[in-house]
Amino acid sequence: MSGLIERYRDELPFASADPVVSLGEGSTPLVEAPTLSERVGARVWLKLEGANPTGSFKDRGMTCAVSAAVREGAEAIICASTGNTAASAAAYAARAGLRGAVIVPEGRIATGKLAQALMHGARVVALRGSFDEALALVRELVQLHPIALVNSVNAFRLEGQKTAAFEILDELGELDALCVPVGNAGNVTAYWKGFRERGSAPRMFGFQAAGSAPLVHGARVAHPETVATAIRIGNPARWEEAMGAFTASRGAVRAVSDEQILDAYRFLASREGVFCEPASAASVAGLLAHGPGDARSVACVLTGHGLKDPQTALDQAGAVVPCEPELLAVERAVMDEATAPAARAG
Ligand code: AN7
């Protein structure tokens, strides 16, 4: 299976002789969401970025950032991360035979992401501080050492991530609006770049978690909080570019509460059959809260897989039904509405 550099090479800064580090990323499913479409009164598609090799959209940018690092002769890569960038960087570093280091906020990254970064053999540094502090520190560190920085301040990350916009246009022809969760604001910047390069201009609706919404408030957040740890970011690196995208596309950046995020998270899993991580559900939470406006076709980007964060899922889901190994007991456990685990209201 070929990756996105091969698929979109004409629109990416890679020549045919350049080294390519790929895990077959991109070409993710764009599935219709009938129940959601009915609820909001527009045709809604879900872009399942959790179907990428490491389970998040970060692989799109990472294939480009790591391929470019290899082309430049780098021996090591580094990133600050709320989790997904770390998992992706670790995987692509392993694939390329580079050393990888990732700096994550201690105790604030989902279990699956931590397991990935460790399994891929990256040096995982748990910072007693926030993501924003981690990013500021790695930016200083790479001034002192020949290590390639693969956060979305790296232009190759955006080049790779813009291909998701190409895929949507290749499949649908056109689109009225895109809903996307916003943390460091690299992804919304990349989508807008991709749409513009194809002469398209859907409205860009970005959603931040209410406790981590610097773009909405127009001011940095010193102590960001949200259940959606992936977007627990108080000082987005791509601030100006993202605000430019919202304005130029006549879109908006808005906040959604943790409760709205978790409602959308359960709704997607239980009604659409799509399990994404909490941060990803912010896109759908925003669409449900604010409606599609005048858009008739909407794509919601589900940035990461639900399996990334099993603990939040178990906290939100119904309980299992204990049962003795006897037919009558099994019958009762399976059939009896009264003993069935009720999905939590909401
Ligand atoms: C699932 O991994 O910033 O607005 O360090 O993991 O481009 O930052 C993750 C971000 C949305 C926000 N959804 O994207 C990191 C990191 C998921 C994410 C975002 C992230 P950006």
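Quantities reported herein were computed from a predicted structural model and do not represent experimental measurements. Remember, it's 1-based here, ligands and their atoms both numbered in the order they're listed. Computed from heavy atoms alone, side chains included, the values below leave out hydrogens, waters and symmetry copies.
- Near Glu277, meaning under 4.0 Å from one of its heavy atoms, ligand 1 places the atoms 1 (C).
- Side chains of Ser27 and Arg7: a donor on one and an acceptor on the other come within 3.5 Å.
- In this structure the side chain of Phe14 never reaches within 4.5 angstrom of the side chain of Val20, judged on heavy atoms.
- Atoms of ligand 1 found under 4.0 Å from any heavy atom of Gly186, numbered from 1 in the order shown, are 4 (O), 7 (O), 21 (P).
- For the atom pair Ile78 CD1 and Leu137 CG, the distance stands at 9.5 Å (nearest 0.5 Å).
- Considering both main-chain and side-chain atoms, Ser81 comes within under 3.5 Å of ligand 1 through a nitrogen or oxygen pair.
- Taken together through direct or relayed side-chain contacts under 4.5 Å among Ile, Leu, Val, Met, Phe, Trp and Tyr, Met204 and Leu169 form part of one hydrophobic cluster.
- Every atom of ligand 1 with a heavy atom of Ile233 under 4.0 Å away is listed here by number and element: 3 (O).
- Annotation: Gly183 places an N or O atom under 3.5 Å from an N or O atom of ligand 1; distance criterion only.
- The CD atom of Gln161 sits 9.0 Å away from the CD atom of Glu49 when rounded to the nearest 0.5 Å.
- Atom 14 (O) of ligand 1 has as its closest protein heavy atom Phe57 CZ, 3.5 Å.
- Paired with Cys179 under the rule side-chain contact (heavy atoms from CB on, under 4.5 Å), one option of Val301, Val44, Leu287 passes, and it is Leu287.
- Near Thr85, meaning under 4.0 Å from one of its heavy atoms, ligand 1 places the atoms 2 (O), 5 (O), 15 (C), 16 (C).
- With Asn84 as the fixed residue, the side-chain hydrogen bond (donor to acceptor under 3.5 Å, both in side chains) test singles out one of Lys58, Lys308, His305: Lys308.
- Close contacts between ligand 1 and Val182 involve ligand atoms 4 (O) [criterion: under 4.0 Å to a heavy atom].
- Under 3.5 Å, the side chains of Thr35 and Glu38 contain no donor-acceptor pair of N or O atoms.
- If you check which protein heavy atom lies closest to atom 7 (O) of ligand 1, you get Asn187 N, 2.8 Å.
- Using 4.0 Å as the threshold, Ser56 has no heavy atom nearer than that to any atom of ligand 1.
- Those atoms of ligand 1 that come under 4.0 Å of a heavy atom in Asn84, given as number and element, are 1 (C), 2 (O), 6 (O), 17 (C), 18 (C).
- Summarising the contacts of atom 15 (C) of ligand 1 with Thr189, Thr82, Ile109, the nearest heavy atom is found in Thr82.
- Taking 4.0 Å as the cut-off, Ala185 counts as a neighbour of ligand 1 on heavy-atom distance.
- Distance alone, capped at 3.5 Å, places no donor-acceptor pair between the Ser257 side chain and the Ala210 backbone.
- Residue contacts with ligand 1 leave out Arg238, since none of its heavy atoms falls under 4.0 Å from the ligand.
- In this structure, the protein non-hydrogen atom closest to atom 9 (C) of ligand 1 is Lys58 NZ, 3.0 Å.
- Note on ring orientation: taking the six-membered ring where Trp is involved, the planes of Phe275 and Tyr265 are tilted (angle from 30° to 60°).
- Compare Ile231, Asn184, Asn151, Thr303 by their heavy atoms: the one nearest to atom 1 (C) of ligand 1 is in Thr303.
- At the top of the distance list for atom 18 (C) of ligand 1, counting protein heavy atoms only, stands Ala230 CB, 3.5 Å.
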Chi angles and distances behind the salt bridge (charged side-chain N to carboxylate O under 4.0 Å, His left out) call for Glu277, Lys113: CA-CA 11 Å; Glu277 66 172 286; Lys113 304 173 188 179; 2.7 Å; yes

